[in-house]
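Input: a single structure, listed below in structure tokens.
A note on names: the letters A, B, ... follow the listed sequences, proteins ahead of strands, and every chain is numbered from 1.
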Amino acid sequence: MSRALMDTMAVTRLELRRLFVRPLAWVLAALTLAWLGWSYTLLLGSFLSEQVRLAALPDGPGFTDMVTVPLLAQLVELAFLVVPLLTMSALAGERRSGTLPLLFSAGVPASRIVLGKYLAVLVWLLLWLALTLAMPLTLAHAIRLDWGKLAAATLGLVLLFAALAALGIACSAFASHQALAAAAALVLTLLLWTVNQGAQMAGVNDGAINWLAMSPHLRPLLHGLVSTVDLLWFVLLTVVALALATRRLAAEKGRD
Amino acid sequence: MTAPTTTLPPVLQLEHLVRHRAGRPAVRDLSLTLDRGQVLGLLGVNGAGKSTTLSMIAGALRPDSGAIRIHGEDFLEQPELAAQWLGWLPERAPLWPELTVSEHLTAHGRLRGLRGSALNEARTRIIDRLELQPLAQRLAGVLSQGQRQRLGLACALLHRPALLVLDEPANALDPVQVTALRALIREQAAAGTAVILSTHLLGEVTAVCDQVAILHEGTLRHHGPVHEGDHTALEHTFFSIAMNGNETNEKAHAA
């Protein structure tokens, strides 16, 4: 195993351990999954009551459109709040508690610290996604699922989580306090989500500002449309955020 | 033609280190060497530049200029050397409060590249040596200051470093623990580890150090060997430097 991989895995394992022994991650998981479970029950009830009518339509929406995609859309909204709370202490917390220099003194470069912490948060988020997806999948044997659409929506969620986690880690790298990191990540996420709304209200639908916004890149994926441009947008945001976090952390050794 | 030399390079070489903090020079043109098995005491009043110096040696701060060599290798160019060769106990031993003592040692071992049986062996050895067994499953957040210091020391020693950097290690330790710490430092030095420790306590230096370096306003003002029973002479030198910035002006201290 290469030194880079060993360092990154060591940081990831340390961060995962810290995530799983702190109550915050468990409370967030319990509350959000309870909410998603309740939403799933309501969506399922609505689908079952409409099922006969929908079946008569020639190209009517199925279980995936009526239950799974709306459920995942709720997960997206929850992620806007959950991800900043999960990432806020990743670096800002270490800085405040004085443990960040310990990682440097073990010879771990800033890039591996950032990547290790990022991967730990991503693992938690993917488990969260898996538990949410398990709800509709429990009926897969009884109901016809649109597997292609589900795969595209899952890909969209994975990319969204990857980008939001990177953004949260970057905010944590720049902020002096955890609360500031969470607030900055939340505001930036909402800004990215809504940055094109003013332009759209003015009737501009294909300007650069629309390309900048997150929602036009996620919605097609949630509805089963995969395009390279959308995938690239999320990859680009992730890479830029992680690069900024690394740069900021590397500069830490030179700061007063 | 000269025969190739087989002399090993010093464990630590500091060459003209300079570091500013908050716009002021914290360390100025500091050069030092430390050989295998030597114990160097770094003395100075608050703000003299001791912690800044140790943080640079530990790789937590980058010098503005100068070089740090460990076993002759450029540490600033290859910070990953720290994983194997360097152990650091910062002031007030920062810990992750939600992790147990045992988990701390596991995490530090992994960060130093230890895996599997090597990690288990190192953890067991250091737990036994520092008598941490009763605390092994206790969360770091509930440890007393002295216990935190012992855990910090255990993390620094886990991977048998060639250079041990201790920043005020006797802080918050009771007299029994201080005696045990001195024995541990001596034991490490006897095993070949180079040790550099900063302290406010002159007794600490005369008890465990072979050499002493006195910093004043970031500048090295005195560097020399420590002899047994040297406490009074060292005290005069220290106070002379602390009060006048000059080790030769002892009259001012006496006055």
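More than 12 heavy atoms of other residues, nucleotides or ligands shown are found within 6.0 angstrom of CZ on R22(A). The neighbour count for E187(B) CD, taken as heavy atoms of other residues, nucleotides or ligands under 6.0 Å away, is above 12. No more than 12 heavy atoms of other residues, nucleotides or ligands shown are found within 6.0 angstrom of CZ on R247(A). Heavy-atom contacts from other residues, nucleotides or ligands closer than 6.0 Å to CZ of R36(B) number 12 or fewer.
Nearest heavy atoms, A60(B) versus F104(A): CA-CB, 4.2 Å. Considering every non-hydrogen atom in both W96(B) and L103(A), the closest pair reads CZ2-CD2, 4.3 Å. Shortest non-hydrogen contact noted between L102(A) and P90(B) is CD2-CG, 3.9 Å. Shown here for P79(B) and K253(A), the closest heavy-atom pair between the two residues is CB-NZ, 4.3 Å. Closest heavy-atom contact between S97(A) and P94(B): O-CB, 3.6 Å.
Taken from CE in M9(A) to CG in L111(B), the straight-line distance is 12.5 Å, to the nearest 0.5 Å. Put simply, CD on E252(A) and CZ on R62(B) are 10.5 Å apart, with the number rounded to the nearest 0.5 Å. In this structure, the separation between CD on E98(B) and CG on L24(A) is 11.0 Å, given to the nearest 0.5 Å.
Here A82(B) is the residue among A156(B), A82(B), A93(B) with the most heavy-atom pairs under 4.5 Å with chain A. With respect to chain B, the highest number of heavy-atom pairs below 4.5 Å among A106(A), G98(A), P101(A) belongs to A106(A).
Heavy atoms of Q78(B) lying under 4.5 Å from chain A are absent altogether. Heavy atoms closer than 4.5 Å to chain A are found nowhere in H159(B), neither backbone nor side chain. Contact of R92(B) with chain A is not made at all, since no heavy-atom distance falls under 4.5 Å. Heavy atoms closer than 4.5 Å to chain A are found in the backbone of L95(B), but not in its side chain. With a 4.5 Å cut-off on non-hydrogen atoms, R112(A) does not touch chain B at all.
Of the possible polar contacts, none joining the R110(B) side chain to the L14(A) backbone as a donor-acceptor pair under 3.5 Å is found.
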After noting the C-alpha distance and the side-chain angles of E80(B) and R3(A), does the key distance pass the salt bridge (charged side-chain N to carboxylate O under 4.0 Å, His left out) rule?
CA-CA 9 Å; E80(B) 66 275 9; R3(A) 177 77 211 178; over 6 Å; no

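With contacts defined as side-chain heavy-atom distances shorter than 4.5 Å, the pair R13(A)/T106(B) does not qualify.
Scanning for side-chain contact (heavy atoms from CB on, under 4.5 Å) contacts around L36(A) gives L33(A), L71(A), Q74(A), L75(A), L78(A), T132(A), M135(A), with sequence neighbours left out.
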